[in-house]
Amino acid sequence: MRAFNAELSKLFSLPGIWLAFLIGAFAPAIIATLDSMAEKEDIIAGASTRLSEVGYIGLGLGVQGIIILGVLAVSSEYLTESSESGGGNQITTSLTVISSRFHFLLAKAGAVTVISVFLSIVAIITTVSATNLILGEYAPAFEASKLIGAVCYWTFTALLAFGITILTKSGIIPLAVLMINSSVVTVSYLLTKVTKLAFYLPDMAGLDMFMFTSDRFHTPFTGGLIMFAWVAVLFIVAAIVFHRRDVAS
């Protein structure tokens with residue numbers, strides 16, 4: 001518990017974490033606002049076909065803040081400290097305080113999970129509020145099961161970013177890959193047009209937890225299970241690599 005509290009405190013001390021909070025809290029709401037405005041025009045024109053998806057699209061595409069959180073949690077450990085502190089990496093200090101590398105990763109993953117859940121709830125509140133404000137009486141009824149699925153999707157996405165950053169020791173690669181893949185036209189979605197196996201990628205499977213459409217490939221439970229399996233396998237591989245790695249290199 002002491003290690004967990006220390007990792008929470010460390011995360012909140014990072015300047016970049018507030019950017020992650022800002023983007024995470026408002027990016028989904030902004031996307032939902034634009035989507036709601038477009039859908040309202042369709043409703044007035046009598047051409048509305050996806051009212052049940054409005055709002056959820058913002059939660060699916062607005063995960064950039066949570067990606068930044070997962071990346072920062074690890075990449076900040078490899079930043080060079082000031083000369084007054086010895087000029088080394090934070091990771092060396094962290095592993096001096098917490099001798100067990102597994103406990104260190106577990107505490108850090110726990111901190112990322114707690115903050116992810118909190119930030120996803122904030123994002124849901126801002127997104128639902130924006131959708132209701134724009135659509136008014138036409139606003140869809142947000143279902144608790146879908147919103148829980150969205151929380152899981154956000155949390156798993158943060159942990160995926162966390163695991164990839166452990167493997168790469170750098171925030172550049174996971175930020176670039178995950179940010180691009182969470183854009184309007186994702187690489188994973190394009191791959192589904194080539195092979196059905198792409199539906200088993202973590203983001204595509206995870207979206208089925210709350211994007212309830214007629215053409216979804218997985219049930220919400222199956223989609224969540226697949227995404228969780230990706231997170232679990234990635235964490236195990238990352239823990240093995242981290243355990244064997246010379247942190248000074």
Side-chain angles (χ1 to χ4, degrees), residues 3-4 7 11 20 59-60 63-78 91 94-95 98 100-117 119-120 148-182 186-192 194-211 216-247 249:
F4 169 75
E7 290 304 321
L11 276 174
L59 293 172
V63 292
Q64 290 77 15
I66 214 73
I67 291 171
I68 293 173
L69 167 66
V71 170
L72 274 179
V74 179
S75 62
S76 61
E77 294 285 346
Y78 291 96
I91 187 68
S94 298
L95 292 179
I98 307 175
S100 171
R101 296 193 180 194
F102 178 73
H103 290 162
F104 169 72
L105 286 184
L106 201 60
K108 191 174 283 291
V112 169
T113 298
V114 168
I115 297 177
S116 298
V117 171
L119 187 54
S120 64
I148 292 173
V151 171
C152 292
Y153 180 75
W154 274 52
T155 304
F156 291 160
T157 299
L159 291 174
L160 284 172
F162 174 82
I164 295 172
T165 311
I166 292 173
L167 293 175
T168 61
K169 292 177 59 178
S170 169
I172 298 176
I173 295 175
L175 270 180
V177 172
L178 295 175
M179 286 292 195
I180 291 173
N181 201 50
S182 63
T186 71
V187 176
S188 298
Y189 176 75
L190 294 176
L191 286 175
T192 62
V194 179
T195 172
K196 295 297 184 182
L197 291 176
F199 284 106
Y200 290 90
L201 291 172
D203 55 327
M204 295 306 301
L207 285 172
D208 284 336
M209 287 190 284
F210 62 99
M211 293 292 289
R216 71 173 185 263
F217 196 81
H218 305 287
T219 65
F221 177 77
T222 302
L225 195 62
I226 292 171
M227 194 173 189
F228 174 77
W230 275 94
V231 172
V233 171
L234 182 60
F235 184 82
I236 292 171
V237 172
I240 294 173
V241 171
F242 184 71
H243 179 75
R244 297 178 176 179
R245 175 183 293 157
D246 179 6
V247 296
S249 61

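Predicted, not measured: the structure shown is a model, and the values here were computed from it.
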Less than 4.5 Å apart, side chain to side chain, heavy atoms only: is that true for [X] and [Y]?
{"X": "Tyr153", "Y": "Leu59", "result": "no"}
{"X": "Ile166", "Y": "Val241", "result": "no"}
{"X": "Met204", "Y": "Leu191", "result": "no"}
{"X": "Leu119", "Y": "Trp154", "result": "yes"}
{"X": "Val112", "Y": "Leu11", "result": "yes"}
{"X": "Pro174", "Y": "Thr168", "result": "yes"}

Tell me the closest heavy-atom pair linking [X] and [Y], and the distance in Å.
{"X": "Ser188", "Y": "Leu201", "answer": "OG-CD1, 3.7 Å"}
{"X": "Ile67", "Y": "Ala161", "answer": "O-CB, 3.8 Å"}
{"X": "Leu207", "Y": "Gly60", "answer": "CD2-CA, 4.0 Å"}
{"X": "Ala238", "Y": "Gly163", "answer": "CB-O, 3.9 Å"}
{"X": "Met209", "Y": "Pro220", "answer": "CG-O, 3.4 Å"}
{"X": "Leu105", "Y": "Phe162", "answer": "O-CZ, 3.9 Å"}

Can you tell me how far apart [atom1] ([X]) and [atom2] ([Y]) are? Round to the nearest 0.5 Å.
{"X": "His243", "Y": "Ser100", "atom1": "NE2", "atom2": "OG", "answer": "9.0 Å"}
{"X": "Ile91", "Y": "Ser75", "atom1": "CD1", "atom2": "OG", "answer": "11.5 Å"}
{"X": "Thr157", "Y": "Leu69", "atom1": "OG1", "atom2": "CG", "answer": "11.0 Å"}
{"X": "Arg245", "Y": "Ile240", "atom1": "CZ", "atom2": "CD1", "answer": "12.5 Å"}
{"X": "Phe199", "Y": "Asp208", "atom1": "CZ", "atom2": "CG", "answer": "8.0 Å"}
{"X": "Ile68", "Y": "Leu178", "atom1": "CD1", "atom2": "CG", "answer": "11.0 Å"}

(message) More than 12 heavy atoms of other residues, nucleotides or ligands under 6.0 Å from CG of Leu225: yes or no?
(response) yes
(message) Could you check whether atom CZ of Phe228 has more than 12 heavy atoms from other residues, nucleotides or ligands sitting under 6.0 Å from it?
(response)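 No, the 6.0 Å shell around CZ holds no more than 12 heavy atoms from other groups.
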(request) Could you pull out all residues at least two apart from Val114 that satisfy side-chain contact (heavy atoms from CB on, under 4.5 Å)? (result) Phe4
(message) Could you work out, with side-chain contact (heavy atoms from CB on, under 4.5 Å) as the rule, every residue matching Thr219, not counting sequence neighbours?
(response)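 Per chain and number, Thr219 pairs via side-chain contact (heavy atoms from CB on, under 4.5 Å) with Phe221, Thr222.
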(request) Take Leu167 and Leu234, measure what side chain to side chain contact (heavy atoms under 4.5 Å, CB included) needs, and give me the verdict at the end. (result) CA-CA 9 Å; Leu167 293 175; Leu234 182 60; 3.6 Å; yes
(request) Before giving the answer on side chain to side chain contact (heavy atoms under 4.5 Å, CB included), spell out for Leu175 and Thr165 the whole-Å C-alpha distance, their side-chain angles and the decisive distance to 0.1 Å. (result) CA-CA 9 Å; Leu175 270 180; Thr165 311; over 6 Å; no
(message) Looking at Lys108 and Val74, would you say the former's side chain and the latter's main chain have a donor-acceptor pair under 3.5 Å?
(response) no
(request) Before giving the answer on side chain to side chain contact (heavy atoms under 4.5 Å, CB included), spell out for Asp203 and Tyr189 the whole-Å C-alpha distance, their side-chain angles and the decisive distance to 0.1 Å. (result) CA-CA 9 Å; Asp203 55 327; Tyr189 176 75; over 6 Å; no
(request) Can you sort out the partners of Tyr200 under ring pair (Phe, Tyr, Trp, His ring centres under 6.0 Å), two or more places apart, ordered by chain and number? (result) Phe217, His218
(message) Before you tell me yes or no, could you show the steps for Leu95 and Phe104 under side chain to side chain contact (heavy atoms under 4.5 Å, CB included), namely the whole-Å CA-CA distance, both residues' side-chain angles and the distance that decides it to 0.1 Å?
(response) CA-CA 7 Å; Leu95 292 179; Phe104 169 72; 3.9 Å; yes
